[in-house]
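Quick notes on the structure that follows.
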Amino acid sequence: MIDFHFESDFTLEEKTKYSDWISRIIESEDYVKGDISYVFVDDEELLKVNKEYLGHDWYTDIITFDYGSGNVLSGDIFISIDRVRDNAKKYKVDFANELLRVMAHGMLHLAGYNDKTEEESSIMRAKEEEKIKLFHVEH
């Protein structure tokens, strides 16, 4: 099951369209959908999570907690809507596209992709672009 939680001034329109897209991402990586929760928060809330669970004292756009096992993807994905808005401006992309990128990024982490090295980041960016294109595919 894919759930969306909103703890900021943001809400997703057409939640079914997003959950169908996330399901396609999972299938495209040969995984099975478990329990996935997207939690949309503001900068301050995500900073609290970052400090409490990761010991990091800085703002970030996304934190992913992986609870999956075997080929079943499950986890909590926290997204700062403030960071998504700022990054969209910074990288001169529209908010909707940046939101898709970050949402896909979280799923890719659950699927085992990392972005700690330059090579991993390059692979992650290519995968994000590939998954964003799936958003516009209707089934």
Side-chain angles (χ1 to χ4, degrees):
M1 177 164 39
I2 299 168
D3 288 320
F4 301 104
H5 305 276
F6 307 97
E7 298 178 13
S8 70
D9 62 350
F10 173 79
T11 188
L12 272 180
E13 302 297 323
E14 301 183 81
K15 292 177 192 79
T16 301
K17 187 173 183 175
Y18 285 89
S19 59
D20 289 349
W21 169 62
I22 294 161
S23 294
R24 288 194 297 276
I25 291 173
I26 294 167
E27 292 166 12
S28 73
E29 292 294 326
D30 295 324
Y31 283 93
V32 175
K33 178 175 49 181
D35 292 322
I36 308 285
S37 290
Y38 279 88
V39 184
F40 298 93
V41 298
D42 62 19
D43 266 350
E44 296 310 314
E45 186 60 33
L46 197 55
L47 180 60
K48 286 181 197 173
V49 172
N50 211 6
K51 286 178 180 177
E52 182 175 344
Y53 294 98
L54 302 177
H56 300 160
D57 189 8
W58 58 77
Y59 293 108
T60 186
D61 54 357
I62 185 168
I63 296 176
T64 305
F65 294 97
D66 186 352
Y67 309 125
S69 179
N71 74 329
V72 178
L73 295 187
S74 293
D76 293 331
I77 300 169
F78 287 79
I79 295 174
S80 168
I81 290 301
D82 295 332
R83 287 296 97 222
V84 172
R85 285 184 182 125
D86 286 352
N87 287 342
K89 289 176 191 169
K90 179 179 177 180
Y91 298 115
K92 296 177 174 51
V93 297
D94 65 37
F95 172 81
N97 193 69
E98 183 64 10
L99 180 63
L100 291 175
R101 186 192 66 75
V102 174
M103 291 177 74
H105 187 91
M107 287 309 308
L108 291 166
H109 273 309
L110 293 181
Y113 293 93
N114 291 306
D115 56 356
K116 299 288 184 208
T117 69
E118 196 171 309
E119 182 180 356
E120 288 173 341
S121 290
S122 178
I123 292 167
M124 178 69 88
R125 294 288 103 62
K127 281 288 186 177
E128 289 167 0
E129 290 303 316
E130 172 188 313
K131 302 315 177 191
I132 289 169
K133 289 175 185 168
L134 288 177
F135 185 76
H136 305 290
V137 175
E138 298 294 327
H139 282 262

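FYI, side chains are in, hydrogens and waters are out, and symmetry mates aren't considered; it's all heavy atoms of this structure. For reference, positions follow the sequence shown, starting with 1.
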For this session: Report the C-alpha separation of D115 and H109 in whole Å, then their side-chain angles, then the decisive distance to 0.1 Å, and conclude whether the side-chain contact (heavy atoms from CB on, under 4.5 Å) test is met.
Result: CA-CA 9 Å; D115 56 356; H109 273 309; 3.4 Å; yes
Problem set entry | side-chain contact (heavy atoms from CB on, under 4.5 Å) between I22 and I26, worked out | CA-CA 6 Å; I22 294 161; I26 294 167; 4.0 Å; yes
For this session: Might you work through the side-chain contact (heavy atoms from CB on, under 4.5 Å) test for F65 and V49, ending with a clear yes or no?
Result: CA-CA 11 Å; F65 294 97; V49 172; 3.8 Å; yes
For this session: Could you go through the side-chain contact (heavy atoms from CB on, under 4.5 Å) check for I36 and L110 one step at a time?
Result: CA-CA 10 Å; I36 308 285; L110 293 181; 3.7 Å; yes
For this session: Tell me, with the steps shown, if R24 and E27 meet salt bridge (Lys or Arg N to Asp or Glu O under 4.0 Å).
Result: CA-CA 5 Å; R24 288 194 297 276; E27 292 166 12; over 6 Å; no
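Separating the CG atom in L134 from the CG atom in D20 is a distance of 12.0 Å, to the nearest 0.5 Å. The CH2 atom of W21 sits 10.0 Å away from atom CD1 of I2, with the distance rounded to the nearest 0.5 Å. Taking CD of E130 as the reference point, atom CD1 of I123 lies at 12.0 Å (rounded to 0.5 Å). The structure places CD1 of I132 at 4.5 Å from CG of N97, a figure rounded to the nearest 0.5 Å. Atom CD of E119 and atom CG of N114 lie 12.0 Å apart (nearest 0.5 Å). With rounding to the nearest 0.5 angstrom, the CD atom of E45 is 13.5 Å from the CD1 atom of I81.
For residues 29-40, the side-chain hydrogen bond (donor to acceptor under 3.5 Å, both in side chains) pairs, not counting sequence neighbours, are S23-K33, E29-Y113, E29-K127, E29-K131.
Connection of I63 to Y67 is established within a shared hydrophobic cluster, with ILVMFWY side chains joined at heavy-atom distances below 4.5 Å, either directly or through further cluster members. Put simply, L99 and F4 are part of the same group of oily side chains (I, L, V, M, F, W, Y) that touch within less than 4.5 Å, one to the next. Under the 4.5 Å side-chain heavy-atom criterion for grouping Ile, Leu, Val, Met, Phe, Trp and Tyr, V102 is connected to Y18 within one hydrophobic cluster. Clustering ILVMFWY residues whenever any of their side-chain heavy atoms sit less than 4.5 angstrom apart, transitively, puts M107 in a cluster other than the one holding M124. Both L46 and L54 are assigned to one and the same hydrophobic cluster, defined by single-linkage of ILVMFWY side chains at heavy-atom distances under 4.5 Å.
Considering all non-hydrogen atoms of both residues, I79 and M103 come closest at CD1-CG, 3.7 Å. Closest non-hydrogen pair, G34 versus S74, comes out as CA-OG, 3.4 Å. In terms of heavy atoms, L12 sits closest to F6 at N-CE2, 3.3 Å.
With hydrogens and angles left out, the side-chain atoms of H105 and D61 include no donor and acceptor closer than 3.5 Å.
In this structure, N50 contributes its side chain and W58 its backbone to a donor-acceptor pair below 3.5 Å. Without hydrogens or angle criteria, S28 side chain to I25 main chain gives a donor-acceptor distance under 3.5 Å. Side-chain atoms of E120 come within 3.5 Å of backbone N or O of K116 as a donor-acceptor pair.
Salt bridge status for D9 with R85: present, with a side-chain N to carboxylate O gap under 4.0 Å.
Around OH of Y53, the count of heavy atoms belonging to other residues, nucleotides or ligands within 6.0 Å does not exceed 12.
Looking at L47 and D57, their side chains come closer than 4.5 Å, going by heavy atoms from C-beta outward.
Relative ring orientation between F10 and F95 is described as perpendicular, the plane-to-plane angle rising above 60° on a 0-90° scale split at 30° and 60°.
Considering only residues two or more places apart in sequence or on other chains, D43 meets the salt bridge (charged side-chain N to carboxylate O under 4.0 Å, His left out) condition with R83.
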